Protein chains: 2
Amino acid sequence: MQEIETKRRYSKQRECILNALRQTKRHPSASSIYDEVRKEIPNISLGTVYRNLSELSTGGEILKIDAGDGTERYDGCAEPHYHMICRCCHSVSDIDVPYLKDLDKQVEKISGADIAFHSVLFSGTCERCKNN
Amino acid sequence: MQEIETKRRYSKQRECILNALRQTKRHPSASSIYDEVRKEIPNISLGTVYRNLSELSTGGEILKIDAGDGTERYDGCAEPHYHMICRCCHSVSDIDVPYLKDLDKQVEKISGADIAFHSVLFSGTCERCKNN
DNA sequence: ATGCAAATAGTAATTATTACTGTTTATAGT
DNA sequence: ACTATAAACAGTAATAATTACTATTTGCAT
């Protein structure tokens with residue numbers, strides 16, 4: 001199954017969005033990325049941010065994370081990995097445990113489905129919030 | 001840590017919502033639960049559905065699942081378990097593998113956070129869609 | 001340099017969800 | 001059974017995140 005070949009053109013906006021994402025360890029929402037890139041391109045449109053984020057994410061260059069709190073977050077690191085969201089401050093952080101690829105195979109067997117990947121979201125109280 | 005004691009009163013609406021959820025193996029969204037319970041209580045309000053769903057879910061009687069497609073889904077089975085969403089038909093199904101409770105402990109150690117639980121969402125093509 | 005489609009800015013529309021308000025109703029105390 | 005009280009309600013308005021639309025700009029192949 002080949003992806004549809006779309007000739008993508010360079011755009012200052014997309015480059016700036018990608019840079020902003022790669023320069024942070026946070027997992028910003030679309031609107032905070034918007035705030036960030038506006039420092040560089042003051043009249044960039046929020047729609048442009050959304051369009052590029054979803055394009056980059058379907059292109060596999062970034063990761064889209066469902067934070068479970070009603071906002072999508074984005075991750076400049078596209079390698080599959082797990083996340084945690086703090087129930088207190090709603091920050092999203094990377095969790096450095098190996099991706100359980102066996103789990104996908106196991107689930108394929110028992111469910112009959114094709115599994116592309118899985119995501120794990122830990123929920124709890126982050127170290128900072130724990131110590132007030 | 002004790003939950004705040006709220007004296008809850010019976011309501012036909014809440015009972016009907018809970019029954020609707022428990023009678024299905026699907027994982028309906030708020031609006032499809034609304035459609036369902038309207039067969040029984042035609043003038044029920046959508047706000048009532050949302051209010052009861054979030055109350056039942058914080059009360060631990062049902063599960064709220066982030067489908068990763070912009071809608072929250074609800075599960076009448078409150079035991080923690082994993083789910084799969086089909087990228088084709090967007091149906092959510094239960095995945096019958098044991099909950100990895102060791103993972104929570106492991107993550108607590110390496111992250112310093114308090115982990116309450118984790119959720120796993122498999123993404124792929126369900127058996128039905130696979131066979132068109 | 002020119003033409004064309006991709007990408008954009010700005011705005012409007014949509015969707016899911018929450019908040020508000022005046023009315024109804026479950027239930028505890030008489 | 002009667003009454004008072006606050007939980008729950010229906011109906012509607014408001015909010016928030018995201019997507020769609022449109023006329024204009026721009027990257028890039030010829």
Side-chain angles (χ1 to χ4, degrees), chain A residues 3-21 27-59 61-75 85 90 92, chain B residues 3-21 27-59 61-75 85 90 92:
Chain A
E3 294 286 304
I4 299 130
E5 190 70 23
T6 46
K7 51 183 145 186
R8 188 149 86 181
R9 293 199 305 204
Y10 170 84
S11 96
K12 177 163 55 96
Q13 289 85 346
R14 180 163 47 244
E15 186 183 48
C16 187
I17 289 164
L18 191 52
N19 282 343
L21 253 180
H27 299 72
S29 65
S31 96
S32 57
I33 293 165
Y34 177 55
D35 292 341
E36 187 60 32
V37 296
R38 270 208 289 186
K39 294 174 187 168
E40 195 83 13
I41 307 169
N43 71 327
I44 194 171
S45 168
L46 182 57
T48 297
V49 174
Y50 272 106
R51 181 167 24 75
N52 279 299
L53 284 173
S54 69
E55 196 169 309
L56 289 166
S57 122
T58 54
E61 289 156 272
I62 65 171
L63 232 56
K64 191 176 184 176
I65 310 159
D66 210 303
D69 71 339
T71 57
E72 297 289 339
R73 308 297 187 84
Y74 296 89
D75 192 329
I85 181 162
H90 298 100
V92 174
Chain B
E3 293 286 305
I4 298 129
E5 190 68 24
T6 46
K7 51 184 146 183
R8 188 149 85 182
R9 294 202 304 207
Y10 170 83
S11 95
K12 178 163 54 97
Q13 289 84 347
R14 180 164 46 245
E15 185 182 49
C16 186
I17 289 164
L18 192 51
N19 281 344
L21 253 180
H27 298 72
S29 64
S31 97
S32 58
I33 294 165
Y34 177 55
D35 292 341
E36 188 59 32
V37 295
R38 271 209 288 186
K39 293 174 188 169
E40 196 82 13
I41 308 169
N43 69 328
I44 194 172
S45 168
L46 181 56
T48 296
V49 174
Y50 272 105
R51 180 167 24 76
N52 279 298
L53 284 173
S54 68
E55 195 169 310
L56 289 166
S57 121
T58 54
E61 290 156 90
I62 64 171
L63 231 57
K64 191 176 184 175
I65 310 158
D66 209 305
D69 72 339
T71 58
E72 297 288 339
R73 307 297 186 84
Y74 297 88
D75 192 330
I85 182 161
H90 299 100
V92 174

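These figures come from a predicted structure and were not determined experimentally. Here is the naming used below: chain letters follow the sequence lines, and residue numbers restart at 1 for every chain.
When the side-chain nitrogen and oxygen atoms of B:R14 are compared with OP1 and OP2 of D:dA8, one or more of them lie within a distance under 4.0 Å. The phosphate of C:dT15 (OP1 or OP2) has no side-chain N or O of B:T71 nearer than 4.0 angstrom. When the side-chain nitrogen and oxygen atoms of B:Y10 are compared with OP1 and OP2 of C:dA26, none of them lie within a distance under 4.0 Å. At D:dA10, one or more side-chain N or O atoms of B:Q13 fall inside 4.0 Å of OP1 or OP2 (strictly under the cut-off). Distances shorter than 4.0 Å separate none of the side-chain N or O atoms of B:N43 from OP1 or OP2 on D:dC9. The side chain of A:Y50 contributes no N or O atom lying less than 4.0 Å from OP1 or OP2 of D:dT19. At the phosphate of D:dA10, OP1 or OP2 sits under 4.0 Å from a side-chain N or O atom of B:T48. At D:dT26, none of the side-chain N or O atoms of A:R9 fall inside 4.0 Å of OP1 or OP2 (strictly under the cut-off). Residue B:S54 places no side-chain N or O under 4.0 Å from the OP1 or OP2 atom of C:dT18. Contact annotation: A:S45 does not reach the phosphate of C:dG10 (side-chain N/O to OP1 or OP2, under 4.0 Å).
Residue A:N52 contributes atom CG, which lies 15 Å from atom C1' of D:dT18 at whole-angstrom precision. Distance, A:L53 CG to C:dT8 P: 11 Å, rounded to whole Å. Remark: P of D:dT18 and CD of B:E72 are 13 Å apart, rounded to the nearest angstrom. When the P atom of C:dT24 is taken as reference, atom CD1 of B:I44 falls 17 Å away, rounded to whole Å. Following rounding to the nearest Å, B:I41 (CD1) and C:dT24 (C1') show an atom-to-atom distance of 14 Å.
Heavy-atom contacts from other residues, nucleotides or ligands closer than 6.0 Å to CD of B:E40 number 12 or fewer.
Among the protein residues, B:L46 comes within range of the nucleic acid bases, having at least one heavy atom under 4.0 Å from a base atom.
Exactly one of A:L63, A:D75, A:L53, A:V37 qualifies for a side chain to side chain contact (heavy atoms under 4.5 Å, CB included) with A:L21. That residue is A:L53.
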